[in-house]
Amino acid sequence: MGPTDPDRPRLRQVMPPAVAMVLAVVVVAEIAWAAFVLAGSDDLRPHAVPAVVAADPVVAESVARQYDDLPGDPFDLRAVTNEDTARAALDDGSARAALIVDLEGSVDRLLLASANDDTLDAAIRDRVEQTDESLGRTVDVETVGPADADERREAARLAVALALLLGFLLAVGTSLRDGPVSRTHLRALRRTLVIGSASVVGGALIGVLVLRGSWVEVLVAAAVAGAAAVSTIALEALFGWAGLGLVVVAFFATGAPVLARVDPYLVGEPWASLAGLGVPGAGVDTATAVTLRGELAVGPVAVLLVWIATSLLVVVLAGSVRRRYAVPEPVGDESLRDLSGVNAWRVRVLGVVAPLTAAMLALAVVVPRAEAATPRPVASLAATADCVASGSVTSVDDLNRIAGLRGTDDFRGGDVGADALLQDGRRLWLFGDTLRGGQTGPTYVRNSMLVTDDRCLRAVLPKSGGALIPDRAGSGDNPVGHWPMSTIVDRRTGYDLVYVTTQRVQTTGSDAFDFHNLGLSIAVFVVPAGATPQLIEQRDIGADRSGREHPTWGAATALVGSGKDRWVYVYGTANPGSDKAWGYSLRVARVRPDDLLNQSRWRYWDGSGWSRSQADAIEMIAARDGVSQTLSVFTRGGRWYALSKRNDLLGSDITVWTANSPTGPWSSGTAVAKVSKGETGQVRYMPLAHPSLFPQAGSVVASYSTNDTNSERVVEDPLRYRPHFVRVTLPR
């Protein structure tokens with residue numbers, strides 16, 4: 001038959017355009033697969049690894065959010081109540097790692113499931129160690145699960161790969177012998193049952209030889225082989241021999257991470273999802289769950305069953321589908337014979353699909369085990385500055401003496417001065433706009449912290465050099481910073497949780513008074529005994545809303561009660577924004593300490609009970625002749641006190657309002673001290689109470705901030721920008 005022989009088949013008969021396109025897709029997909037494995041093997045990163053953290057509820061949720069905010073979303077972390085629950089999550093496979101936080105010391109424990117791939121373990125460990133280091137902590141690592149987990153996992157992977165290959169090759173061999181498409185429904189079903197049954201038997205034998213486990217493990221290998229065979233036959237029934245190319249794509253492309261021995265959690269999307277939806281991934285997940293935990297994983301088993309059921313349905317309906325959508329019938333055996341007597345379509349199968357499949361299998365074996373990429377730096381670790389000797393501090397006069405110390409460039413001046421007494425005897429001081437004098441970094445930061453003991457003053461400094469509670473990201477030319485208002489110390493065994501309520505403020509101009517108050521934000525610090533405070537949480541409460549008429553919650557706080565019967569009372573202040581009232585009104589809400597960051601748990605005093613609606617909160621003290629925007633509320637001897645400056649900036653009296661309960665009714669207020677205006681240009685504002693400082697019956701230590709309207713004078717003499725302390729008598 002010569003080259004011009006009219007009986008010789010044309011190229012379009014041997015390779016119809018639709019078939020050629022399918023083959024092109026196969027080639028491109030498999031080349032992309034190879035490129036992914038080879039090029040991506042040295043840059044693997046964890047993606048959404050399921051994990052748990054066990055700690056104090058507030059700490060656990062804060063740590064979980066911190067890990068969830070890491071670049072690249074390496075973890076899908078949830079908080080649990082205790083270590084037993086964390087270990088149970090590892091045992092049942094719902095978590096790959098568990099972090100046990102022990103704040104009584106500085107060493108956490110990282111529990112890793114023994115079912116994990118070594119590369120995944122390394123990636124998890126690197127990121128946890130780096131994040132803990134940013135908090136001044138270290139990590140001990142422990143593997144949980146069977147000691148021979150690596151061997152079991154590799155055996156499961158090998159059994160699935162062999163079962164998959166067996167089912168595929170049995171289907172291909174039958175197609176090479178009998179043709180890719182059965183002519184009748186009966187023949188199609190018979191072929192499917194015969195090849196499926198042979199694959200199941202062969203898969204079971206592989207399970208016996210490789211897994212050497214229970215009958216359930218053998219059944220898994222048999223199911224994988226059967227799923228591979230019937231899905232191959234189904235795609236052939238639809239597309240003829242070109243369907244084999246689609247099988248290669250479906251099995252090997254979607255199973256790339258599995259066959260390349262890379263954990264799906266290290267490759268990200270779409271590979272991670274595709275791996276679980278393909279026969280290889282579902283097979284490995286099922287086999288691993290059985291071999292390591294002795295149970296069938298519902299999700300992967302369902303995927304295998306769906307593949308089998310769908311394939312059987314396609315085989316039954318394939319003839320009708322081909323006729324309806326005019327899918328070309330495969331070229332017959334007698335019409336296409338080359339010079340050697342071999343059918344041309346068989347040449348295409350062996351010449352295109354087989355070599356590519358062999359190449360993919362070779363890559364899965366030859367490509368070296370990948371290594372996880374080095375993580376990027378995360379949160380900065382705060383440290384304390386050098387000691388500034390304070391001498392003995394036993395009185396209000398001593399407080400004013402150390403307030404007049406020159407200090408260091410880390411803290412030259414600041415206002416507010418809310419304090420928090422720690423269980424180890426140290427005291428934290430939180431300041432608003434803070435003047436610094438270093439050669440680098442900002443001159444002013446929105447907030448700062450000092451730690452004092454019986455010998456020293458120390459500034460707490462973040463590595464960033466900016467504010468300790470950082471400005472809100474993405475604020476652009478009008479940054480949103482945080483001014484401290486009040487503190488709560490929740491003492492735990494070996495450490496304190498310190499909540500700092502702040503008002504988030506946005507700069508609107510160059511003047512010191514050019515700002516908007518946008519609402520409440522709460523910072524949470526963990527302070528182990530004798531250690532440096534570390535910020536673990538910063539959360540805005542409520543949406544941004546400017547305007548003084550909206551209550552600024554957190555203007556004062558008080559934690560009362562013991563054991564489980566503890567409440568945080570959160571006070572809010574507001575001003576109607578008219579000349580009729582220069583002071584601020586006072587409202588109150590309450591919440592359990594562990595729920596302070598969750599405003600949906602707050603309840604607001606409506607005059608007779610506690611309402612879910614913030615709009616129901618009533619004014620307990622009116623704005624006319626009312627309190628300052630920030631104040632102190634505390635209890636002593638069953639009596640409640642609110643200490644503030646009446647009428648805010650325009651007033652001159654430190655005033656104390658009293659009540660028999662946190663909800664009032666409150667008295668009309670008693671002036672207990674005068675705040676002098678000082679020198680020309682100086683201002684005195686924001687009195688705050690310090691009930692734990694040198695407590696005496698019938699009186700309390702208070703402070704007020706001093707400043708100057710001329711910022712240049714403050715820079716020249718920072719002592720003009722320091723708190724001043726007084727002792728005031730409490731009304732009866």
Side-chain angles (χ1 to χ4, degrees), residues 416-420 484-488 499 501 503 520 548 551-561 567-576 581-591 604-607 617-675 684-693 695-705 723 725-732:
V416 185
D419 75 306
M485 295 186 291
S486 180
T487 65
I488 301 168
Y499 298 86
T501 63
Q503 53 180 309
L520 170 65
R548 295 181 299 168
T552 298
W553 294 101
T557 54
L559 172 62
V560 297
W567 292 100
V568 174
Y569 291 92
V570 185
Y571 292 85
T573 57
N575 180 278
W582 297 101
Y584 284 74
S585 61
L586 190 69
R587 296 167 171 80
V588 68
R590 76 174 185 179
V591 65
Y604 303 87
W605 180 249
D606 63 8
I618 65 163
E619 291 185 357
M620 300 181 300
I621 297 176
R624 182 185 291 273
D625 294 328
V627 300
S628 295
Q629 193 269 344
T630 300
L631 72 157
S632 295
V633 177
F634 61 97
T635 181
R636 182 179 288 180
R639 189 79 167 154
W640 284 78
Y641 301 91
L643 184 147
S644 186
K645 186 182 179 189
R646 192 190 295 276
N647 286 325
D648 202 33
L649 292 175
L650 294 185
S652 60
D653 294 333
I654 297 178
T655 303
V656 176
W657 290 258
T658 60
N660 290 324
S661 77
T663 59
W666 292 87
S667 69
S668 59
T670 301
V672 296
K674 285 285 186 182
V675 177
R684 305 285 188 268
Y685 56 99
M686 203 186 307
L688 297 176
H690 307 279
S692 63
L693 265 173
Q696 293 181 9
S699 68
V700 69
V701 174
S703 67
Y704 56 84
S705 296
F725 294 87
V726 295
R727 181 177 288 278
V728 300
T729 301
L730 295 174
R732 296 182 178 179

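Applying the salt bridge (Lys or Arg N to Asp or Glu O under 4.0 Å) definition to pairs two or more places apart or across chains, those involving residues 647-661 are Asp653-Lys674. Within the structure, no pair that satisfies the salt bridge (Lys or Arg N to Asp or Glu O under 4.0 Å) test touches residues 655-665, not counting sequence neighbours.
The minimum heavy-atom distance between Ala689 and Val700, with the atom names listed, is CB-CG2, 4.4 Å. What you find for Leu631 and Ala642 is that their closest heavy atoms are CD1-CB, 4.1 Å. The two residues Val633 and Ala558 have their closest heavy-atom pair at O-CB, 3.8 Å. Here the closest heavy-atom approach between residue Trp553 and residue Ala589 is recorded as CZ3-N, 3.7 Å.
Gln629 CD to Tyr584 OH: the interatomic distance, rounded to the nearest 0.5 Å, is 5.5 Å. One distance of note links CE of Met686 with CE of Met485; it measures 9.5 Å at 0.5 Å rounding. One distance of note links CG of Leu643 with OG1 of Thr658; it measures 12.0 Å at 0.5 Å rounding. One finds the OG1 atom of Thr573 at 11.0 Å from the CD atom of Glu619 (value rounded to the nearest 0.5 Å). Expressed to the nearest 0.5 Å, how far CG of Leu520 lies from OG1 of Thr552 amounts to 8.5 Å. Interatomic distance, Tyr604 OH to Ile618 CD1, rounded to the nearest 0.5 Å: 15.0 Å.
Proximity of Val656 to Val672: side-chain heavy atoms (C-beta onward) are separated by under 4.5 Å at one or more points. Using a 4.5 Å heavy-atom threshold, the side chains of Met620 and Pro665 count as separate. Taking 4.5 Å as the limit, every side-chain heavy atom of Thr487 sits out of range of all side-chain heavy atoms of Tyr499. Using a 4.5 Å heavy-atom threshold, the side chains of Val726 and Tyr704 count as touching. Between Arg639 and Leu730, the closest side-chain pair of non-hydrogen atoms is not below 4.5 Å.
The side-chain contact (heavy atoms from CB on, under 4.5 Å) check on Pro662 picks up Tyr569, Tyr571, Trp640, with sequence neighbours excluded. Not counting sequence neighbours, Arg636 has no partner by the side chain to side chain donor-acceptor pair (under 3.5 Å) test. Annotation: side-chain contact (heavy atoms from CB on, under 4.5 Å) contacts of Ala623 (sequence neighbours excluded): Pro576, Ala581, Ser585. Not counting sequence neighbours, the partners of Ser692 by the side chain to side chain donor-acceptor pair (under 3.5 Å) test are Arg427.
Side chain of Lys645 to main chain of Ile654: no donor-acceptor pair is present (N/O by atom type, distance under 3.5 Å, no hydrogens or angles). Under the 3.5 Å distance criterion, the side-chain polar atoms of Arg587 are left unmatched by any main-chain donor or acceptor of Gly572. Looking only at distances, a side-chain donor or acceptor of Thr501 sits under 3.5 Å from a matching main-chain atom of Ser486.
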Audit row: Val560, Thr635, side chain to side chain contact (heavy atoms under 4.5 Å, CB included) steps and yes/no: CA-CA 8 Å; Val560 297; Thr635 181; 3.9 Å; yes

Stepwise, does the side chain to side chain contact (heavy atoms under 4.5 Å, CB included) test hold for Val416 with Thr630? CA-CA 9 Å; Val416 185; Thr630 300; 5.7 Å; no

Assess whether side chain to side chain donor-acceptor pair (under 3.5 Å) is satisfied between Ser705 and Arg684, documenting all intermediate values. CA-CA 6 Å; Ser705 296; Arg684 305 285 188 268; over 6 Å; no

Phe725/His690 under side chain to side chain contact (heavy atoms under 4.5 Å, CB included): CA gap, chis, key distance, verdict: CA-CA 10 Å; Phe725 294 87; His690 307 279; 4.1 Å; yes

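For Tyr641 and Trp666, the ring centers are positioned 6.0 Å apart or more.
In summary, the side chains of Thr663 and Ser661 do present a donor paired with an acceptor at a separation below 3.5 Å, with no hydrogens or angles considered.
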